[in-house]
Each structure stands twice: as structure tokens, then as C-alpha cells.
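Both backbone and side-chain heavy atoms feed into the values below; hydrogens, waters and symmetry mates do not. Each chain gets a letter, A, B and so on, in the order its sequence line appears, and its residues count up from 1. If you're wondering where the values come from, they're calculated on a predicted model, not measured in any experiment.
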Amino acid sequence: MVHADDRTIADAAEQALIARAIGGDGDALREVWERHRRWVAAILLAHKPRDADVEDLLQDVAVMLVSKVSDVREAGAFKPWLRAVTLSVALAKGRRSTVRRNGFLRVVDGWLGRPSQEKGGGDDGAGTKYAAVSQEAKRLLELARSLPGGYGEPLILKAVQGMSYREIGRVMGLPESTVETRIVRARRMLRERAMQDGLDRDGNSMNERHALGAPVRTEVAKHALATNGARP
Amino acid sequence: MTMDNHEQARPTSESPASGATPPNAAPAGGHDMTTDFASELVPTMDRLIARIADAEADEHDWGTFEALAGTQPQAWKALACAQRDAALLAEAVLPAIDASERVRLPRSTSATLSASGSDRTARNARRSDAEFRYAPDLRRIGGWAIAAVIGLAWLGSMLAPEPRAIGPTNTNTAGILPTGWTINTPEDAVRAYLDVGSKSGRVLGEMPDRVIVRTTPTGGSTNGDDPQQIEVIYLRQFVERAVISEFFELGSDEFGRPVPIRLSIPPQPRPESWQ
């Protein structure tokens, strides 16, 4: 676990970097972007229309960041501001997509060629790499995206390596405890929807293993150790 | 995962002193549950499982979980499910995270931000030290200028005397092209497409706007003597007409894959102007 003093020092350094970026330092702004673009991508993933490309939207966010960062009042307000920019980009894309869908009747006819192949399950902008993601993972992501507002986003943000409840709270402008509560509820809703959706293969296999008795506990504990690092 | 315990606010080493923190402020660290009334409604086991699955659990959480799981064996299964969900979500999110690594800030703009007005050499060096894959700043800031250039070029080609393509005419175009036409350039081919298509009734015309897809600097000297050239990738849009009897729209199946869905359109009376 990171010591509080170390965290404070890191926070101060980051605030200084953001302040430089707001002040017009291009190198600082580039570094800020490289530090934060991962969770920006996760927020886009949580809110983008299905047919939108994350990479394209990230380009839009990058442009907004460069052109508007000087509007940020103080370094402490930067993360919620960047989240708001990200949301506006995703929502604007959603409006454009709706207009496009309503404005055109897509025609499928032999001589006009095959219908446009949208990238299934909502594209992530990673092309073939996304194809390697298991169907189960894609489906679970779709279920997470369908959770009620305020629940899906922190859950998807938590899937980004290195994002703690505290960090998510800073991005969303929420207390850490609220983030945790939302994630707890989101996990429960997600599991319920996954079971309804037939995505309970693991649960079934666990049932089988559970019948064997003690090994379940050992196995899960090992998994938890691997996930959490040092267990007390 | 139906547990009925509710966790009490547990003290943490970083819990703020009473009255030292505004009610809505984020706690300095740890898992302070006193700032969120809703948190009291979340069962303890759910919270513990989420913390363990999210790698947020500390020693106290583990101890509490093990104690509760001793009387509720299903807790281990719930933990396994939560960890599997977390792993699957991380797998699904990873490609988007990888994609984000490829997106850089518009370099020319960020260089302008950091370089002073008199530091032209540094600015030009920054601009040319590496190509940037996309140039959305150019697409937006200079979009009108690029569109104007393309528009002028297009207009110029339209005003050129016809037939403008003079050259070898060994291409066999009998029966396809109007008399006097030859195809030596893409513009000739487009012109022929528009002409033949309009006569057949299929092609109605070309939209005047061209959509910029990508702009990429092609080089130029670092001292700024040579003008910077920009490669522009753009879309041309042609309007066609078709008479069809079956209509489809793109929907998605239960797996989220796009599938064509047949539309039933009620018969419409023909407009009076058609009769």
C-alpha cells in the first residue's frame, strides 16, 4: 500500500505539472495528456455511441485539451474539467450519430454492395486487437455500459490499471466513499445482469468445483493474492 | 451475494479529525464511510468482495472477510465471480487503453504553446522533429483554408476546356464513354462517371463539400525557408438514385453484431404530380 506521505508528494508534483500545463507549457501539457489519456479512453468507452471509434474521439478530446486548457481555473479542477470535456465529446458524437441514423435510410441491395460492416460490439479503436478480446469480456463490457448513469463509468474506470477509488473520485468529483459505494452496487448489478444474460459460466464451474470442498478456497485465495499483490 | 451485514465506519489511520473536513470533501485516504449515507446501505460482504476484487483491500478487510466467509461459504464463490468480472472488464478495456497510447496531442499546437514568439527555430524544430499521425488541429483550425484550396482546384478543373485530357487513346472505352472523351486522369474518369451516370438517371451529382479525413505534413526545411506542404486525405461524395422494392436497416443481434433487418413499408399513394 502506498504511504500517505509518498502520495502527498506525488500529488504535489502532479499539481505543479498541471499548473505548468495550464500556464502554457507545451511539454508539461504533453506529459499531462500522456498521464491521463488512459482514463479518458475509459470514460469514452463508457459513454460513446456503439459505432463510435475511441481513437477518433480521443483525437477530439486532445484538440479540446490543447485549445481550452487555459480556461481551467486551477490545477485541482483539471481532472473534473477534462472529464467534462470528454463527456461532451462523447455526447456530441452521440447526437451526430443519431442524426445520421435518422437522416439516412441505409440501403442494402445487391448492386449497391454489402451493408457497411460496423465493428461489432462497439469499436474500441484498436482494430484487430479488439478481435482478440473474448466474447464474454465484450459482452460484460456492454452490460457495464448499460448500467444506470453514475454506475457504469466508475466500474469501467476501475478496470483501468492503476485507477484507485481515490483517483476515480478525483476524476468524477466525488468522495472516495461514494465511488466505492457505486462500484459495489455496480458489481452487484453487473453480476445479476450477467446471470440473466447467461454469462454465468464461471459461476457454474465454480459450483462444480465447490462440490469438491476445500480446494475452492485455496484456489480463490491464490487468485486474490495474484490480483492484490501482498496479502496481509 | 445476499449478505445482510452492514459495515460500521471503521477507523483508518488517515481518517480526518472531527470537524476538520467539510462534509462533502473527499477523504484524504483510506475508506472513510462516514461521508456517504448511501454507503451504510451496502452490505458488508459486497463491499469487502469489491475491495478485494479491486485490489483495494487492506489487512482489516481481509480479516473481516475471512471471518464472515467462515459462516457464509458462498462468499468465496461470490469473490471468485467478482474477480472474474474484474478480469474480464480489464480485458475488454485494454484495447481502448492501448489505442489511447497512440493518440498524441496535436504537435504543432503544443509546440506553439511552449515556444516564444521569437524562438522560431525552436518552434520549427519541434514541428518537424517527428510526424504526427493525425492533425485534427489543422482539420479544424485550417479546415476552411484547405477546403477553399480544394474547392478552387476543383472549380479550376471544372472550368477547364473539354475534353481536357489529351493523350494516348489506346484505352478501349467503346460503348462506355461519350464521343470525344478519353480517360487519362482520375478526373476524366470521374467526369465520365458523372456524365454517363446522369444520363442513365443513377447519378444525381456530387456534393460540393469534401470531407477532410486526415492531414499530414509532408516535410519542409527546419529553418522555415521552404513552405510546409500538407498531404490531405479527403472524401468526395456523390449522390446516386436507386429504385428498390425491399428496405433494410442495420440492427444488431443478441450478440451486438450488426444484422440487416427488413423494413415493412406500407404502400403509399403516388403523388398527384406523378399521375
Side-chain angles (χ1 to χ4, degrees), chain A residues 4 24-27 29-30 33 37-38 41-42 45 54-55 58-59 62-63 66 106 108-109 115 118 120-121 124-126 129-130 133 136-138 140-142 144 156 158-160 165 169 175-178 180-181 183-184 187-188 190-191 202-203 206 210 216-217 220 223-224 227-228 232, chain B residues 1 14 24 26-27 29 31-33 35-36 38-39 42 46-47 50 52 54-59 62 76-77 79-86 88-93 95-100 102-103 105-106 109-111 113-114 134 136-137 140 242 244 247-250 256-258 260:
Chain A
D25 184 332
D27 291 333
L29 184 61
R30 201 172 301 120
W33 170 246
R37 60 190 173 187
R38 296 163 73 247
L45 201 59
V54 168
E55 197 165 335
L58 276 164
Q59 295 289 343
V63 171
V66 169
R106 297 186 182 194
V108 179
D109 199 11
E118 293 185 32
D124 66 317
K129 190 148 191 174
Y130 192 62
V133 176
E136 196 174 2
K138 289 178 185 174
L140 204 65
L141 177 61
E142 284 305 304
I156 292 175
K158 194 68 192 76
V160 178
Y165 293 161
E176 183 180 347
S177 56
T178 302
E180 182 185 27
T181 300
I183 288 178
V184 169
R187 288 209 180 285
R188 170 176 277 234
L190 185 69
R191 184 97 301 266
D202 183 69
M206 287 304 296
H210 188 61
V216 174
R217 174 175 171 144
V220 174
H223 188 169
T227 308
N228 279 1
Chain B
M1 274 201 298
E14 298 171 34
N24 293 329
H31 300 290
D32 185 354
M33 296 172 201
T35 54
D36 185 11
S39 68
V42 175
D46 280 1
R47 187 176 295 276
I52 294 172
D54 289 336
E56 298 264 355
D58 59 16
E59 187 176 353
W62 271 103
W76 292 104
K77 179 186 171 185
L79 175 60
C81 287
Q83 288 180 323
R84 179 165 176 76
D85 287 349
L88 286 172
L89 275 180
E91 179 191 352
V93 167
I97 304 303
D98 285 347
S100 75
R102 296 193 293 271
V103 177
L105 286 187
T109 308
S110 54
L113 273 174
S114 62
Y134 295 93
D137 55 326
R140 289 161 186 271
I244 55 177
F247 299 88
F248 294 82
E249 68 175 357
L250 273 184
R257 294 175 302 204

CA sep, side-chain torsions, deciding dist, call: B:Glu56, A:Glu180, side chain to side chain contact (heavy atoms under 4.5 Å, CB included)
CA-CA 10 Å; B:Glu56 298 264 355; A:Glu180 182 185 27; over 6 Å; no
Could you go through the salt bridge (Lys or Arg N to Asp or Glu O under 4.0 Å) check for A:Arg191 and B:Asp85 one step at a time? CA-CA 8 Å; A:Arg191 184 97 301 266; B:Asp85 287 349; 2.7 Å; yes
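The closest donor-acceptor contact from the side chain of A:Arg188 to the backbone of B:Asp46 lies at 3.5 Å or more, if one exists at all.
Closest approach of B:Ala86 to A:Arg187, counting heavy atoms only: CB-NH2, 3.9 Å. In this structure, B:Ala92 and A:Leu141 approach most closely via the heavy-atom pair CB-CB, 3.7 Å. Heavy atoms only, all atoms of each residue included: B:Ala99 and A:Glu55 are closest at CB-OE1, 4.0 Å. B:Val103 approaches A:Trp33 most closely through the heavy-atom pair O-NE1, 2.8 Å. Residues B:Leu105 and A:Val66 share a closest heavy-atom pair of CD2-CG2, 3.8 Å.
For A:Ile183, the part lying near chain B is the side chain, with the backbone staying farther off; criterion is any non-hydrogen pair under 4.5 Å.
When each of A:Ala159, A:Ala137, A:Ala41 is checked for heavy-atom pairs under 4.5 Å with chain B, A:Ala137 comes out on top.
Rounding to the nearest 0.5 Å places NZ of A:Lys138 at 13.0 Å from CG of B:Leu88.
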